[in-house]
Amino acid sequence: MTTAAASGRAEDARRLHRAALLGASTIHEASGGLGALPTGIRPITSGLTLAGRAVTVSGPAGDNLWLHRGLAMAGPGDVLVASVGGHHEAGYWGELLSWGARSRGLAGVVVDGCVRDSDRLTAIGVPVFARGLCVRGTTKLPDGDGAINGPISIGGVTIAAGDLVVGDGDGVVAIPADRIDEVLRLGTERMEREAQVVFALQQSGSTISLLGLPAQSVAEPSKSDGMVPLHEIR
Ligand SMILES: O=C([O-])CC(=O)C(=O)O
Ligand SMILES: [Mg+2]
């Protein structure tokens, strides 16, 4: 028997699957320019992409206990998104946490700081996005200030629990929960339009006419080779 909760979970899994297919850049464009995290946050686990619901974590600079606590609360389809007090120079996530994330079925991890144990993270298979790599460890102070599922801000983007988080080779984007369905619809339309343009480009090769871009005002070929010099193209 299918319960309402089970069908809700299935619907959300379909949403996340669609978001992963669209990718970070298309979702960002379709949203009208929302949620692009700083370009310094890059894929650490090369080739692994993520789409999931944010479980937000904030913790003090140089300490990762709140990430361990966040992992203990997260489950299948969740993405841990961590703000670490603006201090990037420490390995806030590593092999042990990634094994824990894999056991719990997490969709991935985004850290506004560095991570470590990089040689093993890709093999473990949980997508990790971070500022870079750092061998330095973190403290795990029991009384450090932090929270799970409170709003956090990364590079001026506010992320709340349940927001859609998508990461791929282009970077990471976060979309507010109440905009997800609209953005996925617009993203799908955009992807379909682009597929038509790609097909047409394979025939003609002109991005100017196919994308409706302004052409050069005077279509006068150069004397030398019949090609218009690049600097004359507006
Ligand atoms: O020290 C930590 O908690 C981070 C780490 O290296 C690991 O998870 O392996
Ligand atoms: Mg480690």
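On a predicted model such as this, the values are computed, not experimentally measured, just so you know. For ligands, and for the atoms within them, numbers begin at 1 and follow the listed sequence.
- Taking atom 8 (O) of ligand 1 as the reference point, the nearest protein heavy-atom neighbour is Leu97 N, 3.0 Å.
- With 3.5 Å as the limit, one finds no donor-acceptor pair spanning the side chains of Thr138 and Asp63.
- The minimum heavy-atom distance between Cys134 and Cys114, with the atom names listed, is CB-CB, 3.5 Å.
- Of the candidates Leu121, Asn64, Val135, Asn64 brings a heavy atom nearest to atom 2 (C) of ligand 1.
- Asp117 contributes atom OD2 as its closest N/O/S atom to the Mg ion (ligand 2).
- Ion pairing between Glu182 and Arg179 holds under the 4.0 Å rule for side-chain N and carboxylate O.
- Between Leu71 and Leu106 the shortest side-chain heavy-atom distance falls below 4.5 Å.
- Within ligand 1, counting atoms from 1 as listed, the ones closer than 4.0 Å to a heavy atom of Lys140 are 1 (O), 2 (C), 3 (O).
- Sparse packing is recorded around CZ of Arg136, with 12 or fewer heavy atoms of other residues, nucleotides or ligands lying under 6.0 Å away.
- The proximity of Asp117 to ligand 1, defined as any non-hydrogen pair under 4.0 Å, is limited to the side chain.
- At a 3.5 angstrom cut-off on N or O pairs, Trp93 does not count as close to ligand 1.
- Nearest protein heavy-atom neighbour of atom 6 (O) of ligand 1: Arg116 NE, 2.8 Å.
- A donor-acceptor contact shorter than 3.5 Å links the side chain of Arg116 to the backbone of Val135.
- Taking only nitrogen or oxygen atoms, main chain and side chain alike, Gly91 does not reach within less than 3.5 Å of ligand 1.
- Within ligand 1, counting atoms from 1 as listed, the ones closer than 4.0 Å to a heavy atom of Glu95 are 7 (C), 8 (O), 9 (O).
- A 6.0 Å sphere centred on CZ of Arg18 holds no more than 12 heavy atoms belonging to other residues, nucleotides or ligands.
- Counting backbone and side-chain atoms alike, Glu95 contributes no N/O/S atom closer than 2.8 Å to the Mg ion (ligand 2).
- Residue Tyr92 places no N or O, backbone or side chain, under 3.5 Å from any N or O of ligand 1.
- Salt bridge Asp78/Arg104: absent, no basic N to carboxylate O contact under 4.0 Å.
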